[in-house]
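Each remark here refers to the structure printed beneath this line.
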Amino acid sequence: MSLRKEERREVVLRIFRGTGSDRSKDRYETFTVPYQKDMVVLNAIHYIQSHLDSSLSARWNCKAGRCGSCSAEINGVPRLMCKTPVDRYDGEITVEPMKAFPLIRDLVTDVSDNYRVAKMIPPFTPSVATDHVWRMYQEDVEKSQEFRKCIECFLCQDVCHVIREHKAEYIGPRFVVKAASLDMHPLDALNRSAFMKDNAGLGYCNITKCCQEICPEHITITDNAIIPEKERVVDRHYDPLVWLYRKITYRSVKQNAKQ
Amino acid sequence: MWSAGTLESSPISSDDESYETISTDVLIVGAGGAGLRAAIEAFDKGAKVLIACKSLLGKAHTVMAEGGIAASLGNVDPSDNWKVHFSDTIVEGQFLSNWKMVEIFAKEAPERVLELEYYGALFDRTKDGKIMQRPFGAHSYRRLCYIGDRTGLELIRTLQDQVIKRGIDYIDEVVVTSIFKDPATGRVAGAMAIQLRSGKLLLIKCKAIILATGGCGKVYAVTSNSWESTGDGISLAYRAGAELMDMEMIQFHPTGMIFPAGVRGMLVTEAVRGEGGILTNVKGERFMEKYDPKRKELSARDVVARSIYTEIMEGRGTPNGGVYLDIRHRGAEYIKKRLPSMYAQFLEFAGIDITKQKMEVAPTVHYHMGGVRVDPETTETTLKGLFAAGEVACGLHGANRLGGNSLSDLLVFGRRAGLYAAEHARSAKIGSISEEDIDKEISRILAPFKVTNGSNPFELKERVAETMWKYVGIVRNEQDLRKGLEEIGRIRLEAKHVQARGPRAYNQSWEACLSLWNMLIDCEAIIRSAIERKESRGAHTRSDYPKKDNANWLVNIVIKQKDGQMIHELVPVPKIPPDMEKLINTDEILVWQQQEKREQLLVRK
Ligand SMILES: Cc1cc2nc3c(=O)[nH]c(=O)nc-3n(C[C@H](O)[C@H](O)[C@H](O)COP(=O)(O)OP(=O)(O)OC[C@H]3O[C@@H](n4cnc5c(N)ncnc54)[C@H](O)[C@@H]3O)c2cc1C
Ligand code: SF4
Ligand code: SF4
Ligand code: FES
């Protein structure tokens with residue numbers, strides 16, 4: 001950040017324009033917007049829509065980093081536009097749509113395939129009846145809670161080289177996180193190891209940790225979700241008891257069985 | 001089965017008037033907590049269900065809810081029960097709520113929370129392994145179940161998983177633009193919609209519609225609400241002939257961020273005060289001791305918001321125009337554990353470390369207590385076959401909503417909407433929609449493509465929002481309200497020539513035109529009701545009528561359309577029966593002795 005904030009008067013953005021149905025017209029357009037202290041890229045996009053070109057398309061909703069709608073590639077790095085201060089960059093800022101997903105228009109991509117993948121994952125299946133108040137302990141729910149911070153921005157899917165290369169075979173980091181969030185629910189009954197190995201393509205991930213680095217929710221995707229899931233697959237293969245032991249929190253089960 | 005995929009074909013020209021037709025039993029407009037819970041229930045009761053939502057599935061405004069969900073489980077305070085929750089809600093709603101709705105709500109909220117846990121949600125826990133509950137403004141007991149400060153996200157993800165698991169049909173990034181009625185029966189027969197991705201028009205034929213479109217915070221310049229909170233449902237219902245109620249009741253949340261400018265209005269959750277956060281003015285005074293010595297920072301939202309406003313107006317605000325909110329005394333570890341999103345929000349958006357620095361806050365538009373008038377048990381509106389649940393509906397929160405009561409509202413009445421809409425669909429036939437109505441609607445929604453040199457809808461939306469903020473704000477008076485109404489009228493004229501630029505596919509300026517028109521209707525209803533209520537009650541504060549007036553104003557203001565004009569009616573609040581009245585804990589119980597005067601009101605009408 002060599003440019004001091006006070007000196008900045010305007011921000012120059014180079015924005016991808018194009019329509020999914022006709023990629024021959026792909027282009028970049030440059031816009032200059034007035035600088036405001038601590039503004040983020042999404043503020044600049046809104047300025048363009050209100051004052052310079054209302055035909056620009058960009059998906060957003062909460063403007064607060066909570067909904068995961070405004071994913072884009074900013075100077076080549078997948079980021080949330082609403083959480084990226086323009087002060088991070090000195091010169092022109094290039095904004096492009098996520099490349100791992102088909103283009104709809106301008107900065108908007110078609111992320112619907114993610115919902116197909118979501119459906120593949122064996123859902124939460126309680127191991128105890130729902131006729132009594134469940135007991136679970138804070139230390140036991142915390143592991144899973146980390147994964148539940150996921151805002152489904154799909155930036156990790158965008159950055160993952162496996163997805164870019166073998167889309168069909170690997171469910172991708174977001175969905176390993178999802179599976180892990182279910183596996184680590186203290187009262188979930190299922191064993192997703194076979195699914196993870198045979199259907200989810202977990203073996204494709206070679207632990208580059210790119211996903212973990214860009215996750216806006218700072219979920220330790222690779223260390224806490226992917227690696228343990230890989231271990232489960234191995235354990236399960238050789239020793240179902242180890243799997244059972246890891247999965248089930250003894251206290252939770254004992255307590256709930258008592259009821 | 002119809003699937004979203006069939007819509008993605010070649011691009012369409014901007015004047016293409018063709019549409020695709022889909023049929024279902026129950027159409028649910030909105031996929032926030034209310035819409036998703038409704039979908040699950042209607043589906044489980046055997047109805048064919050289609051969810052249509054304006055943003056992507058799983059991204060509804062509900063994901064932002066932070067503090068928690070109120071239900072009298074009594075896990076932390078065993079003395080809590082539904083009766084106390086009932087009393088708290090009625091009292092803080094300043095007796096404007098529909099008591100029956102509050103009763104149902106308070107009784108059913110605990111079941112709905114437990115059900116969420118059975119669906120797979122993982123709440124924070126008490127030491128003995130139950131769902132943890134935290135204190136919140138104006139709740140008598142520790143009542144808010146929570147998941148850190150991302151309760152709404154967990155709620156949405158959990159319900160979304162249930163929807164996906166059941167294979168319930170949904171179409172996302174679809175904007176519903178109008179409701180159609182069968183000309184013969186006057187009942188709901190379908191809706192018109194546009195699919196953003198392709199720009200195509202959709203005619204959805206159905207037997208029942210559930211509006212779950214959320215709030216209308218975006219009609220204000222400073223708000224915690226999402227893009228989609230443009231009050232579309234209110235306008236859809238009004239235009240179809242249903243009644244609106246309590247439209248003047250807009251909740252200003254006491255604590256919104258004030259800088260950087262780009263995030264002005266972003267919520268600072270009440271949980272900060274729930275966890276011990278202290279409000280001070282620029283002189284370092286803990287001013288809430290003056291306004292509500294007993295409850296201080298944890299007083300009702302309207303009280304805290306007005307107190308902050310007063311401090312700022314009387315010159316005791318910070319140079320940035322707010323007050324300080326301080327949680328540092330809790331220690332860094334505690335703060336990061338209990339308020340992780342707040343810690344991150346201030347660090348990432350404002351470069352402030354709340355474990356070391358004070359926050360600066362000011363009121364922000366947060367919630368709409370008013371909305372579409374519904375039956376307290378079935379959630380049916382005054383239009384047959386049209387149901388409403390969640391923030392778009394009205395009747396539960398009265399003049400002020402308690403924190404945490406919205407999320408349980410979504411589940412309790414979302415479920416009921418699904419239940420009764422499915423029941424309605426079982427006996428109803430699919431109605432017919434007249435070609436004329438369809439043609440009219442298509443030319444209405446395609447008009448912005450025919451305009452040349454028209455105005456920019458984004459710009460007009462900003463002007464609407466500035467107008468409302470300026471004239472219909474936290475403290476109101478007749479003169480300003482009238483100015484606001486005039487200005488909204490002027491914008492409405494300009495909005496006739498608003499232009500959508502670019503192709504039909506994913507055209508946000510087109511959506512902006514349509515939501516602008518909806519917002520203008522919402523604003524008119526809000527301002528007219530605000531002018532009408534000549535007293536101060538809950539969230540509605542009038543400097544020219546600073547007192548609460550139980551003798552004349554225990555009434556709900558109902559807005560509807562008559563011969564193309566917006567009219568209003570004053571309807572007395574349903575009287576609380578004696579056995580329920582006994583449960584209410586307030587010095588103000590005497591309000592019901594004003595019954596006679598209320599009856600005279602009817603005569604005055
Ligand atoms: C920052 C923040 C924090 C909050 N914290 C809490 C809390 O801790 N506890 C609490 O109880 N409440 C809280 N609230 C309030 C609560 O979150 C909302 O009132 C609630 O989520 C509204 O839910 P809903 O289901 O009614 O609608 P929403 O979640 O607003 O969803 C509306 C849905 O309708 C769709 N829609 C709108 N218009 C159309 C259209 N024309 N066509 C098709 N679809 C449409 C949208 O796409 C969306 O899917 C908070 C609110 C905010 C802003
Ligand atoms: S760690 Fe695995 S999932 Fe993450 S980016 Fe690398 S290959 Fe993809
Ligand atoms: S895991 Fe992180 S990067 Fe991936 S979708 Fe979730 S929030 Fe986004
Ligand atoms: S707009 Fe919601 S995350 Fe950026």
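Given the structure is predicted, the values throughout are model-derived calculations rather than measurements.
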Given Asp106(A), Thr19(A), Val108(A), Asp110(A), the one that forms side-chain contact (heavy atoms from CB on, under 4.5 Å) with Tyr506(B)
Val108(A)
Might you work through the side-chain contact (heavy atoms from CB on, under 4.5 Å) test for Val263(B) and Lys63(A), ending with a clear yes or no?
CA-CA 7 Å; Val263(B) 299; Lys63(A) 220 169 93 176; 5.5 Å; no
Give me the atom names and distance for the closest heavy-atom approach of Tyr118(B) to His132(A).
OH-O, 2.8 Å
Under 4.5 Å, counting heavy-atom pairs only, tell me which of Pro503(B), Ser224(B), Gly148(B), Ser55(B) racks up the most with chain A.
Pro503(B)
Side chain / backbone / both / neither for Pro340(B) at chain A, heavy atoms under 4.5 Å:
neither
Measure Gln162(B) against the heavy atoms of chain A and call it side chain, backbone, both or neither at under 4.5 Å.
neither
Tell me which of these, Phe123(B), Trp510(B), Phe458(B), has more heavy-atom pairs under 4.5 Å with chain A than the rest.
Phe458(B)
Between the CZ atom in Arg157(B) and the SG atom in Cys150(A), the distance rounded to the nearest 0.5 Å is 6.0 Å
Enter the distance from Leu114(B):CG to Asp131(A):CG here, rounded to the nearest 0.5 Å.
12.0 Å
Of the backbone (N, CA, C, O) and the side chain (C-beta and beyond), which part of Glu142(A) lies under 4.5 Å from a heavy atom of chain B, both, or neither?
side chain
Heavy atoms of Arg125(B) and Trp134(A) approach each other most closely as NH2-O, 3.5 Å
Determine whether more than 12 heavy atoms belonging to other residues, nucleotides or ligands lie under 6.0 Å from atom CZ of Arg17(A).
yes
Select one option (side chain, backbone, both, neither) describing which atoms of Glu115(B) are under 4.5 Å from chain A's heavy atoms.
neither
Is it the backbone or the side chain of Met64(B) that comes under 4.5 Å from a heavy atom of chain A, or both, or neither?
both
Given heavy-atom pairs under 4.5 angstrom as the criterion, report whether the side chain, backbone, both or neither of Ala500(B) touches chain A.
neither
Side chain, backbone, both or neither of Glu462(B) within contact of chain A (heavy atoms, under 4.5 Å)
side chain
Distance in Å, Arg148(A) CZ paired with Ile147(B) CD1, rounded so as to fall on 0.5 Å steps
9.0 Å
Evaluate Trp60(A) against Trp227(B) for side-chain contact (heavy atoms from CB on, under 4.5 Å), listing each step before the verdict.
CA-CA 7 Å; Trp60(A) 66 285; Trp227(B) 160 77; 3.6 Å; yes
Side-chain donor/acceptor of Arg105(A) to backbone N/O of Ala505(B), under 3.5 Å:
yes
Please report the C-alpha distance between Asn456(B) and Gln49(A) in whole Å, then the side-chain angles of each, then the deciding distance to 0.1 Å, and finally whether the side-chain hydrogen bond (donor to acceptor under 3.5 Å, both in side chains) criterion is met.
CA-CA 9 Å; Asn456(B) 178 330; Gln49(A) 288 182 328; over 6 Å; no
Answer yes or no: is there a side-chain heavy-atom contact under 4.5 Å between Lys165(B) and Lys119(A)?
no
Flag, side chain of Asn61(A) to backbone of Ala60(B), donor-acceptor distance under 3.5 Å
no
Which atoms of Lys149(A) approach chain B - backbone, side chain, both or neither, heavy atom under 4.5 Å
both
Kindly give the heavy-atom pair with the smallest separation between Ser57(A) and Gln508(B), and that separation in Å.
CA-OE1, 3.2 Å
Most contacts with chain B, counted as non-hydrogen pairs under 4.5 angstrom, among His51(A), His46(A), Gln36(A), Arg59(A)
Arg59(A)
Of the listed Met132(B), Gln160(B), Met257(B), Gln499(B), the one with the largest count of heavy-atom pairs under 4.5 Å with chain A is Gln160(B)
Arg150(B) versus Gln145(A): any side-chain heavy-atom pair under 4.5 Å?
yes
How close do Ile104(A) and Arg197(B) get, counting heavy atoms only, and between which atoms?
CD1-CG, 3.3 Å
For Asp128(B), does its backbone N or O pair with a side-chain atom of Arg135(A) as donor and acceptor, under 3.5 Å?
yes
Out of Lys178(A), Lys83(A), Met39(A), which one racks up the most heavy-atom pairs below 4.5 Å with chain B?
Lys83(A)
Given side chains that start at C-beta, do those of Pro186(A) and Leu122(B) come closer than 4.5 Å, heavy atoms only?
yes
Between Tyr115(A) and Leu57(B) (side chain of the first, backbone of the second, donor and acceptor by atom type, cut-off under 3.5 Å), is there such a pair?
yes
In terms of heavy-atom pairs under 4.5 Å, which option from Glu459(B), Lys54(B), Met266(B), Glu117(B) contacts chain A the most?
Glu117(B)
Quick one: does Arg501(B)'s side chain get under 4.5 Å of Asp53(A)'s, heavy atoms only?
no
Could you state the interatomic distance from OG (Ser50(A)) to CG (Leu460(B)), rounded to the nearest 0.5 Å?
10.0 Å
The interface call for Ile164(B) against chain A, heavy-atom contacts under 4.5 Å, is both
Distance-minimising heavy-atom pair for Ser54(A) and Ser509(B):
O-CB, 3.3 Å
Could you tell me which portion of Ile151(A) (side chain, backbone, both or neither) has an atom closer than 4.5 angstrom to a non-hydrogen atom of chain B?
both
Measuring heavy-atom distances to chain A, does Ser341(B) have an atom under 4.5 Å in its side chain, in its backbone, in both, or in neither?
both
Rounded distance [0.5 Å steps], OH in Tyr137(A) versus NZ in Lys127(B)
12.5 Å
Looking at every non-hydrogen atom in both residues, tell me the closest pair between Cys153(A) and Lys59(B) and how far apart they are.
N-NZ, 4.5 Å
Are the side chain of Gln138(A) and the backbone N or O of Asp124(B) linked by a donor-acceptor pair below 3.5 Å?
no
Based on non-hydrogen pairs under 4.5 Å, which of Ser229(B), Gly502(B), Ser226(B) is most in contact with chain A?
Ser226(B)
At a 4.5 Å cut-off on heavy atoms, which part of Glu154(B) comes close to chain A: side chain, backbone, both, or neither?
side chain
From CG (Asp149(B)) to CZ (Arg66(A)), nearest 0.5 Å:
6.0 Å
